[in-house]
Amino acid sequence: MLGIQEFMDFSEIYEEHFDRIYAYICCRIGLDGIAEDLAAQVFQKALARSGQYDPARGNIAQWLFGIARNEINYHLRLSALRHFVPLDLFSEALAAKEKPVIDGLSEQQEKTELMAALATLNARERDLITLKFYSEMNNREIAKLSGLSESNVGTILSRTMEKLRQIFAEVG
Amino acid sequence: MKPYDESEEPAKPAASTAGSDTGNTASDERIIARFRQIEFDPQGRIKNRIRLNLAGQDNKTGVKHLFGYKAAAGVLVSCLIIFALVYRQDSHDSHQPDIRPDYYAYYNFPSTGDEAMLLLNETPPDWLDYHRFPGIQFTGKI
């Protein structure tokens with residue numbers, strides 16, 4: 001059981017990082033109720049293993065995003081085992097993209113458009129670009145987390161941003 | 001496509017995803033800003049729900065710790081030790097000689113010191129056998 005001070009410290013970490021972790025999860029798996037469950041699992045694991053955090057191996061954000069990434073990958077592997085196609089989670093976003101924009105982009109429409117853009121990327125591109133967007137890690141740190149080489153991460157990110165630029169150029 | 005060189009990574013993330021083209025960098029900054037501005041949990045309801053669950057989890061962890069198998073084993077061993085001590089004490093008491101006089105049986109009442117000693121030594125006096133009374137010499141003559 002954590003002491004009060006430790007729990008308060010964790011609460012501060014939670015307040016600081018929740019939004020970005022949740023956004024990362026949503027962008028990886030789509031706008032679905034599962035995102036909430038996964039976010040809860042990430043912070044439950046972080047709370048349970050708070051004593052295992054080693055500052056020498058990276059900052060808190062890297063540690064949390066590492067847990068989140070593992071949880072998402074585990075969820076996606078389980079989904080695949082159950083003959084469930086994860087990209088279907090984005091189907092709603094892809095369908096909504098076809099609808100005409102009537103009176104500017106509302107918050108929901110903006111979200112739908114961005115999620116539809118992410119749905120066109122493959123799993124690795126979506127993983128790296130969302131890590132880049134939300135974790136504030138540099139390419140070296142992303143490479144360390146993902147197990148790819150730093151140059152490979154840079155190449156994939158450049159290619160992915162090029163795709164997104166084209167998508168938004170077509171839309172806009 | 002030119003891979004990104006870490007040694008030249010600028011502070012802005014877009015510069016690490018675009019090439020040297022300034023237009024691309026500005027475009028990337030706009031795209032990244034759009035993504036970062038999305039509020040996936042605008043009301044903060046999900047955040048609050050998970051926060052409450054985490055607080056509950058911490059409490060459950062405490063209760064689990066309190067009633068964990070180690071504590072339960074300790075309590076069980078303590079109970080067994082106490083039971084064994086009480087049982088042993090009770091068994092020991094049961095072997096004490098019962099020197100309570102039976103007031104209804106005349107012959108069981110220790111009226112002399114010898115008779116009392118016989119009872120304390122758990123030797124029941126045989127009133128029909130004079131040899132069992134050390135203070136009386138049986139001569140064989142009445």
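We name chains A, B, ... by the order of the sequence lines, and we start the count at 1 in each one. Predicted model, so just to flag it, every value in this text is computed and none were measured. Just the heavy atoms: all of them, side chains too, but no hydrogens, waters or symmetry mates, feed the values below.
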| task | Would you confirm whether Tyr134(A), through its side chain, and Phe35(B), through its main-chain N or O, come within 3.5 Å as a donor-acceptor pair? | result | yes

| task | Please indicate whether Arg49(B) has more than 12 foreign heavy atoms, meaning atoms of other residues, nucleotides or ligands, lying under 6.0 Å from its CZ. | result | yes

| query | Can you get from Phe83(B) to Val75(B) by hopping between Ile, Leu, Val, Met, Phe, Trp and Tyr side chains that sit under 4.5 Å apart? | reply | no

| said: Return the CE to CD1 distance between Met161(A) and Ile31(B), rounded to the nearest 0.5 Å. | reply: 4.0 Å

| query | More than 12 heavy atoms of other residues, nucleotides or ligands under 6.0 Å from OH of Tyr53(A): is that the case? | reply | yes

| request: Nearest 0.5 Å please: distance from the CZ atom of Phe43(A) over to the CZ atom of Arg51(B). | output: 10.5 Å

| request: For Phe40(B) and Ile25(A), run side chain to side chain contact (heavy atoms under 4.5 Å, CB included): C-alpha distance rounded to whole Å, both residues' side-chain angles, the deciding distance at 0.1 Å, then the answer. | output: CA-CA 10 Å; Phe40(B) 288 95; Ile25(A) 294 171; over 6 Å; no

| query | CD1/Ile38(B) to CE/Met115(A) distance, rounded to the nearest 0.5 angstrom? | reply | 7.5 Å

| task | Would you verify whether the NZ or CZ of Arg34(B) falls within 45 degrees of the ring axis of Phe133(A) while also being under 6.0 Å from that six-membered ring's centre? | result | no

| Least distance between heavy atoms, Leu47(A) atom then Leu54(B) atom | CD2-O, 3.7 Å

| said: As an exercise, state the distance from CG of Asp37(A) to CD1 of Ile46(B), rounded to the nearest 0.5 Å. | reply: 10.0 Å

| What distance separates Arg45(B) CZ from Glu36(A) CD, expressed to the nearest 0.5 Å? | 11.5 Å

| Side chain proximity check, Lys47(B) to Glu15(A), heavy atoms < 4.5 angstrom | yes

| request: Would you give the length of the straight line joining atom CG of Leu114(A) to atom CD of Gln37(B), rounded to the nearest 0.5 angstrom? | output: 10.0 Å

| Charged N-O contact under 4.0 Å between Glu39(B) and Lys111(A) | no

| task | Can you see which heavy atom on Ile50(B) is nearest to which on Ala39(A), and at what distance? | result | CD1-CB, 3.8 Å

| Contact part of Ala143(A) toward chain B, heavy-atom cut-off under 4.5 Å: side chain, backbone, both or neither? | neither

